[in-house]
Amino acid sequence: MTTIFEAIGILRKVFDKFAGKEGDAKTLTKKELTELLKEQLGGPPKQEEIDQFFKMLDDDGSGVVDFNEYVVLCASLAMMLAP
Ligand SMILES: [Ca+2]
């Protein structure tokens, strides 16, 4: 498998791990997203930041973050971390 497909597989794995914690296993609740950010970004983000993040990601206003919306988060991180 090429590196980029491997990377996408890993992103999927992280999403599934947290999305499966409560409710629908195909979406992230705010609580699941909070846990994901805490574990993956290191250090607890502020509630304000989480609220902002969640609002920004939940594009269709469904109250949960689906895989497509999560990919937007990963893409934003990639751009933020780009040299
Ligand atoms: Ca869920």
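Both counts, for ligands and for their atoms, begin at 1 and track the order of listing. Computed from a predicted model, the values in this text were never measured in an experiment. When a residue number appears, it is its place in the shown sequence, counting from 1. Only heavy atoms go into these numbers, but all of them, side chains included; no hydrogens, no water, no symmetry mates.
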**Request:** For the Ca ion (ligand 1), report each protein N, O or S atom nearer than 3.0 Å, sorted by chain and then by residue number.
**Result:** Ala19 O, Glu22 O, Asp24 O, Thr27 O, Glu32 OE1, Glu32 OE2

**Prompt:** Should the ring pair Tyr70 and Phe15 be called parallel, tilted or perpendicular, given that the plane angle runs from 0 to 90° and is split at 30 and 60?
**Reply:** tilted

**Prompt:** Between the main-chain N or O of Lys46 and the side-chain N or O of Glu49, is there a donor-acceptor pair closer than 3.5 Å?
**Reply:** yes

**Message:** Keeping Asp66 on the side-chain end and Thr27 on the backbone end, is there a donor-acceptor pair under 3.5 Å?
**Reply:** no

**Item:** Partner residues of Asp24 under the salt bridge (Lys or Arg N to Asp or Glu O under 4.0 Å) criterion, sequence neighbours left out
**Value:** none

**Request:** Report yes if the side chains of Leu33 and Leu57 come closer than 4.5 Å at any heavy-atom pair, otherwise no.
**Result:** yes

**Note, Lys31 side chain near Glu35 side chain (heavy atom, < 4.5 Å)** = yes

